[in-house]
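Have a look at the structure below, then the notes.
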Amino acid sequence: MTLLKHSVKESTYRSYQYYAFPVSILVSHMEQNEGVEAWIHSNFIQACFDERLFDGGVPVPFAPYQFDYAFNPWLHTQRLSRELVGMLDLDILSFIVKSLTHGFCLYLNADEFFLPNRQFYQKQNYSHDVLIYGVDTEQERLFLMGYDDNSQYTTFEAGYDEFRQAYQSLDVIENHCNQIYLYRYQPEGSYTFQIHLVLDLIEDYLYSRNTSERLYMVAEPYDRTYGQNTIASVQRYLQLLMEGRIEFDIRIIHYLVEHKEAMLHRLRYLERKKYLDQSLGFADTYAEQVYGQALMYRNMIMKSAIDNNSKRVQSVIGSLDQMRQDEHELLVRMVTHARERAAKPLQEFN
Amino acid sequence: MSIEQESTLQKLVNEVLEREGNGEDISMNANLGEIGLHSITFVKLVVQIETTFGIEFANEDLIMEKYETLRDLLNYVQQKLER
């Protein structure tokens, strides 16, 4: 073996790498596996905001419903740790190459100081997660996925020695992430789309319900702000940003756009699968009134971060109320329509 | 269409993308994504264009997908300059 690359693909779902990685593996198989698309559109519906951000910072301030997205019908996952690999006295590079050879991608943390194309390469030590999806044993290079030095979620490479240093460095720098997860795609997985479940979850989002209460039998509910109420949290964040009382975090405005883009893809899927009457134009209206607006707001905020024009931030804070109202009205109408339509035999629409 | 404006825009793209040279090799007809621009670098480019040409983009025109090629972006700049 000289060159081995497992299938990965960049996707909409990428604000945080902990879910971007498993999803990147899944979506690379989406064309051959219809269930993957059904699963994707049944997830990433709920949004949650961790208000502890305002008390000093949290690693995941604004994100999809917190869940291990590797827990899906297609990924066989092995959950290991740096501690276990150390206990077994495994050479990390040999372990990585063997894992890849057995069909696994690896999700682990490494020190960006040693990884070319990463934000902190040769600048400062920083433990950050990375996905290893391939190897060239002749050239002694690993193929990696993650955020690059331009904050783009993409693929890049690192030499064996660079990666070994990046891995070993976590023994001496601050690091809270000791996971070594192995993901292997299993094509035999299956998933059937359930329209009522998806509509229920969209209503959770619309009425800001705590979706984690649905899983009380597993664990205590997460204390977060949920659904459309998260837009008020974003407004509060922007207000503090404008006043210079909180640091700029691109993930917050990026996730706002990601959530709207995911909902737009979901509406197009529902139209394509005839759960919605396409002639009513739900997806097109959402694209214009909600997704397009969110995209503009993100770019306005990014521009303000560069040219320090706080008036633009103030304008976004005010406009988010209208976006919230437009989204609410449209999704309420959509859910009502979809429920009425789901009550009729599907052949009526074919 | 001014050759000078074209060269200036190519140079700005080059600076934003942190590339060597003066940007002469960047085709005005290339897709913005193919050139290497993405949402963040596009906004950086907009700020550079505003400073260099003395114009201001409307908020609704801050979306990269509105411009297929660098020439489309130059056309927008020229429209702003003519107003």
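Below, read A as the first sequence line, B as the second, and so on, with proteins coming before strands; counting in each chain starts at 1.
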Minimal non-hydrogen separation, [X] against [Y], with atom names:
{"X": "Leu62(B)", "Y": "Asn299(A)", "answer": "O-ND2, 2.8 Å"}
{"X": "Met302(A)", "Y": "Ser39(B)", "answer": "CE-O, 3.6 Å"}
{"X": "Ile40(B)", "Y": "Ser151(A)", "answer": "CD1-CB, 3.5 Å"}
{"X": "Met296(A)", "Y": "Glu60(B)", "answer": "SD-CA, 3.3 Å"}

Non-hydrogen side-chain atoms of Glu65(B) and Leu295(A) separated by less than 4.5 Å: yes
For [X], is the [atom1] atom crowded, meaning more than 12 foreign heavy atoms sit under 6.0 Å from it?
{"X": "Glu243(A)", "atom1": "CD", "result": "yes"}
{"X": "Lys9(A)", "atom1": "NZ", "result": "no"}
{"X": "Gln122(A)", "atom1": "CD", "result": "yes"}
{"X": "Glu68(B)", "atom1": "CD", "result": "no"}

Region of Val46(B) that comes under 4.5 Å of a non-hydrogen atom in chain A: side chain
Under 4.5 Å from a heavy atom of chain A, the part of Glu50(B) involved: side chain
Point-to-point distance, once rounded to the nearest 0.5 Å, from NZ of Lys44(B) to CD1 of Ile306(A): 6.5 Å
